[in-house]
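The first residue in the sequence is number 1, and the count goes up from there.
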Amino acid sequence: MRVGQANNARFFLLSPQRNGGRRVQVEDIEDFDSVYADIYKKDTTGNYYRTEKNGRMELGTEGYLYLLAIWSLYKTRADVRLLTEVKDETKETEDWTLISNPSVNLNTLKFDDENETVSFEVTEGGHLESIEARWDDEYDLTAEGVPNMAYVNVFFGGRRILKRTKYVGGTIEVDARDDQGATARALPLTTEYRSQETFLSDNNNVLANSQGGTYASLSLPATILTNAPQDFNYKINGKVGIEVTNPSLAGNIHLDLVRYNNGEAQDFDEIVLRLASGNPANFGEVLEYEFNNYELEVKEGDSIGIMTLSDTTSFGELRLKYKVTDDTSFIFSTDDPSQPTLSKAIKLRTAFQQLVNVSTDSTDISVEMPVFENAAGYTNVGEVLLVHGSWIRNMPQIINEGEDDERRVQTNLSLKKLYEGCKILRPLRYEARTTNGKKEFHVGLEKETQQNFIGARLQDANGYIPPITPERDVIGENIYGTVILGSTTSGTNYEEVNNLFSICGVGNWNTFNTDSDKKYEVTTEIRTGSEDFELERQFQFEDFPDRDTPRQNDWFLVHAKKVGLDYQPVKWQDIYEERPKNVYDADSNFNWIFRPRNLLEGHGWKIKSCLDENINNYLRHISGQNYNDSLITKRAGEEERPENGRVYHTTLERATVDLLGIKFSLPVRQNIIQQLRGKTNGIDNRFGLIAHLYKGEVVYSRLLEADLNRDGNFELIPAIR
């Protein structure tokens with residue numbers, strides 16, 4: 001028996017805001033099973049099955065009065081569902097069974113007051129629609145009035161970054177003694193590049209000190225390293241020198257490396273190293289020194305200068321002047337990280353929950369992310385936390401509180417941005433659920449939708465139903481020519497540090513589909529590089545309260561594990577069998593799971609659908625956004641993984657589908673509808689296999705779309721099990 005015949009179907013409207021939450025039966029919908037039956041379409045973002053219906057539906061007086069009352073009292077705030085029940089033809093008692101319950105789209109209501117009818121379109125509805133309606137909107141997670149979140153602490157010991165500042169000679173001619181008798185001068189030096197710009201800088205002020213034959217009493221800042229914010233150990237390499245351009249009558253001149261201390265007071269401390277001495281009476285006399293890994297220990301509050309001290313006698317035109325030699329060029333370098341800090345962070349589930357609460361203006365939707373919370377299948381070790389740039393700097397929530405220039409630090413984020421950030425590790429899915437009357441927003445792995453149990457059999461009492469007008473089409477949009485994965489904000493463009501690259505960035509690969517311009521692209525704006533953390537962490541708010549940094553409003557992902565009460569970044573020893581190669585100081589590096597090659601392997605089963613199993617075929621790494629693609633890693637039991645190496649098809653996880661799609665029509669029976677609405681061991685049957693006839697044989701496919709009207713249409717994709 002096909003549903004839709006007289007006395008075999010009935011319809012209800014149901015809203016928790018109306019009639020005490022009890023459903024109200026309304027008039028029959030004419031031809032509902034030939035025009036208005038459910039259509040399931042797999043959503044491309046959430047990878048769940050969206051329920052649709054063709055065109056506008058119309059109800060008579062009962063529906064008219066019910067929906068008019070809803071609109072008058074609640075406008076679009078109400079949740080109204082249209083329920084369809086049919087007699088269960090599989091049971092002798094012919095019990096009523098629910099086969100459809102989409103929401104009424106209250107934005108599309110049209111009331112015919114003369115005939116007392118109402119028409120509308122249906123929608124997925126419920127709390128998922130509320131969440132998706134605000135998917136792109138950014139919200140301040142810590143705004144005034146927003147409920148507080150549960151934070152965790154992450155201990156950052158510091159990422160060692162090779163920071164280099166290169167000095168070259170300036171062009172100013174220096175008068176070694178001024179009219180007041182001051183005899184100390186600072187060399188005019190400029191930076192070709194610098195990596196610690198807050199305290200390493202050019203020096204064009206040569207007026208180093210007062211009288212007395214010492215370097216004491218600086219009248220103006222004349223150092224190239226000024227007021228170090230912490231202790232550093234530097235290495236100096238290169239050459240520095242001066243050449244006498246106008247001789248004196250007599251005397252001496254010295255070229256020295258000089259230290260001052262006590263912060264801004266810049267009290268003279270010592271001549272660290274006498275670089276050279278000479279006779280300033282000789283025109284063209286050159287004083288020079290070559291640094292060869294010279295180690296300079298700098299304490300917090302120190303200032304360092306390269307200066308000259310003279311005791312010359314002048315007469316007439318014989319007045320000592322000099323210039324910096326043309327080949328003066330030396331580099332200050334250090335890899336000392338900033339001091340260890342403790343930063344607050346939030347778990348991914350906490351971030352999703354806060355955004356769902358704020359965007360829906362509700363606290364009755366719980367977020368469930370089991371695969372993220374137990375790590376299995378997502379990171380395998382530790383978990384991924386979310387950190388805001390202002391938290392890395394330990395900024396207060398309100399700056400200058402109580403003052404005229406008081407401002408609140410914003411932590412803006414959207415569900416879309418958060419979801420895309422989580423997606424770079426593995427393909428994801430989401431869906432709305434209601435469990436025991438409790439609303440849930442579930443985020444999990446897309447692989448969950450690729451089950452191998454039989455979710456539905458397209459058959460009737462006589463067996464499998466032969467398909468009508470079957471055809472097969474290649475799904476060309478999934479024939480990828482290029483694969484792009486990673487963080488668009490990490491990897492390079494670190495303006496503060498010369499020639500700095502991260503192991504995290506965007507990786508690009510070409511497939512063997514050379515004639516395809518289709519791209520498989522999963523990227524995020526959230527930062528993943530350990531260098532990003534360190535560059536932000538060096539500017540703790542307590543030490544730099546008046547400084548705005550380039551990344552303090554950005555979000556960061558950190559792969560961390562719990563150690564004691566706090567979290568710490570996961571180290572290479574937690575993941576790899578051997579120390580990674582071709583990366584600066586692997587011991588202090590972290591976020592290894594965000595290296596693009598690892599991301600590629602996580603998305604392998606989806607990419608594999610357009611590839612083959614030939615052992616000689618591979619994805620070729622190509623140049624893209626810069627990152628350290630020379631990295632080589634090795635897990636236990638595996639070969640080395642060069643970041644820029646060939647990725648052979650056979651090393652990727654097995655595909656779940658063949659891209660030769662199948663389309664056909666087929667009379668839909670009630671049992672097919674019930675199967676597609678049902679679950680197996682708690683899993684949606686639509687995520688399982690569809691068993692059906694094709695060319696006289698029973699084959700197994702996965703569902704892309706099902707139109708469950710009387711003469712149904714199916715779009716399937718062959719399964720690989």
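- Put simply, the side chain of V86 does not reach to within 4.5 Å of the side chain of D88, judged on heavy atoms.
- Atom NZ of K679 has more than 12 heavy atoms from other residues, nucleotides or ligands within 6.0 Å.
- Heavy atoms from other residues, nucleotides or ligands lying under 6.0 Å from CG of N681 number 12 at most.
- Between W135 and Y419, a ring centre-to-centre spacing shorter than 6.0 Å is recorded.
- The environment of CZ in R620 is sparse: at most 12 heavy-atom neighbours from other residues, nucleotides or ligands sit within 6.0 Å.
- Under a 4.0 Å N-O distance rule, the pair E132/R50 qualifies as a salt bridge.
- From L619, atom CG reaches atom CG of N510 across 8.5 Å, with rounding to the nearest 0.5 Å.
- Taking the charged nitrogens against the carboxylate oxygens, D38 and K53 do have a contact shorter than 4.0 Å, which makes a salt bridge.
- For R686, the side-chain hydrogen bond (donor to acceptor under 3.5 Å, both in side chains) partners at least two apart in sequence or on another chain are D684.
- P427 and G602 get closest at one heavy-atom pair: CD-O, 3.5 Å.
- Checking each of F512, Y648, W509 against Y618 for a ring-ring contact (aromatic ring centres under 6.0 Å, His included) leaves exactly one that passes, namely Y648.
- A distance of 11.0 Å separates CG in D33 from CD in Q670, rounded to the nearest 0.5 Å.
- A tilted orientation is assigned to the rings of F372 and Y378, their planes being inclined by 30° to 60°.
- Side chains of D28 and F11 form a contact here, defined as non-hydrogen atoms less than 4.5 Å apart.
- Side-chain contact between K347 and V384: absent, with no pair of heavy atoms (C-beta onward) separated by less than 4.5 Å.
- For the 3.5 Å distance criterion, the side chains of S362 and D364 qualify, holding a donor opposite an acceptor.
- The residues K447 and E653 are annotated as salt-bridged, a charged nitrogen and a carboxylate oxygen being separated by less than 4.0 angstrom.
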Audit row: N614, H649, side-chain hydrogen bond (donor to acceptor under 3.5 Å, both in side chains) steps and yes/no: CA-CA 7 Å; N614 189 311; H649 296 177; over 6 Å; no
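- Taking the six-membered ring for Trp and the full ring otherwise, the centers of Y49 and Y40 sit at least 6.0 Å from each other.
- Heavy atoms from other residues, nucleotides or ligands lying under 6.0 Å from NZ of K438 number 12 at most.
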Tell me, with the steps shown, if K608 and E613 meet salt bridge (charged side-chain N to carboxylate O under 4.0 Å, His left out). CA-CA 9 Å; K608 189 71 166 286; E613 291 287 351; 3.1 Å; yes
I would like to know whether S34 and D711 meet side-chain hydrogen bond (donor to acceptor under 3.5 Å, both in side chains); could you show each step before the answer? CA-CA 7 Å; S34 61; D711 299 319; over 6 Å; no
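- Annotation: D361, atom CG; neighbour count of heavy atoms from other residues, nucleotides and ligands within 6.0 Å does not exceed 12.
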When you look at E525 and K417, which way does the salt bridge (charged side-chain N to carboxylate O under 4.0 Å, His left out) test go after all the steps? CA-CA 7 Å; E525 296 177 2; K417 188 172 182 177; 3.8 Å; yes
Run the numbers on R429 and E431 for salt bridge (charged side-chain N to carboxylate O under 4.0 Å, His left out), then give the verdict. CA-CA 7 Å; R429 59 177 287 257; E431 66 175 341; 2.7 Å; yes
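- Annotation for E521: atom CD counts as buried by contact number, over 12 foreign heavy atoms lying within 6.0 Å.
- Going from atom CG of N478 over to atom SG of C610 covers 8.0 Å, rounded to the nearest 0.5 Å.
- Between the CZ atom of R702 and the OG1 atom of T656 there is a distance of 5.0 Å, given to the nearest 0.5 Å.
- When side chains are defined from C-beta on, I475 counts as touching L704, because their heavy atoms get closer than 4.5 Å.
- Taking the ring axis of Y700 as reference, the NZ or CZ atom of R721 stays within 45° of it and closer than 6.0 Å to the ring centre.
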Take T411 and D140 through the test side-chain hydrogen bond (donor to acceptor under 3.5 Å, both in side chains) and record every step on the way to the result. CA-CA 5 Å; T411 53; D140 183 357; 2.9 Å; yes
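- Applying the salt bridge (Lys or Arg N to Asp or Glu O under 4.0 Å) rule to pairs touching residues 596-607 yields E446-K606, R597-E601, E601-R641, sequence neighbours excluded.
- Aromatic ring centroids of H127 and F441 lie 6.0 Å or more apart.
- For R457, the CZ atom counts as loosely surrounded, since its 6.0 Å shell holds 12 or fewer non-hydrogen atoms of other residues, nucleotides or ligands.
- Between the side chain of T350 and the backbone N or O of I346 there is no donor-acceptor pair closer than 3.5 Å.
- A heavy-atom distance below 4.5 Å is found between the side chains of E368 and S366.
- With S119 as the fixed residue, the side chain to side chain donor-acceptor pair (under 3.5 Å) test singles out one of E58, K110, R56: R56.
- Under the 3.5 Å distance criterion, with hydrogens and angles disregarded, a donor-acceptor pair is assigned to the side chains of D113 and Y64.
- Within the model, atoms CG of L703 and CD of E705 stand 8.5 Å from one another, a figure rounded to the nearest 0.5 Å.
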Could you give me the CA-CA distance, side-chain angles and deciding distance for R23 and L83, then say whether side chain to side chain contact (heavy atoms under 4.5 Å, CB included) is met? CA-CA 9 Å; R23 64 186 190 174; L83 312 182; 4.1 Å; yes
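- Using cut-offs of 30° and 60° on the angle between ring planes, the pair Y430 and Y48 is tilted.
- Here I484 contributes atom CD1 and N508 contributes atom CG; the two are 5.0 Å apart, rounded to the nearest 0.5 Å.
- One finds no salt bridge joining K518 and E477 here, because no Lys/Arg side-chain nitrogen approaches an Asp/Glu carboxylate oxygen to under 4.0 Å.
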T123 and E129: side-chain hydrogen bond (donor to acceptor under 3.5 Å, both in side chains), yes or no, with the steps? CA-CA 8 Å; T123 182; E129 183 162 309; 2.4 Å; yes
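- Looking at every heavy atom in both residues, V698 comes nearest to A691 through CG1-CB, 4.3 Å.
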Acceptor/donor pairs from residues 657-666 side chains to any protein atom, 3.5 angstrom cut, sequence neighbours excluded:
| unit_1 | atom_1 | unit_2 | atom_2 | d |
| --- | --- | --- | --- | --- |
| D658 | OD1 | L660 | N | 3.2 |
| S665 | OG | I468 | O | 3.4 |

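- Between F453 and F687, the ring center distance fails the sub-6.0 Å criterion.
- Other residues, nucleotides and ligands contribute only 12 or fewer heavy atoms inside 6.0 Å of the CD atom of E697.
- Across L418, L385, V367, a single residue satisfies side chain to side chain contact (heavy atoms under 4.5 Å, CB included) together with L348, and that is L418.
- With contacts defined as side-chain heavy-atom distances shorter than 4.5 Å, the pair I29/E27 does not qualify.
- R527 forms no cation-pi arrangement with W555, by the criterion of a distance under 6.0 Å to the ring centre and an angle within 45° of the ring axis.
- The shortest distance between side-chain heavy atoms of Q451 and L689 does not fall below 4.5 Å.
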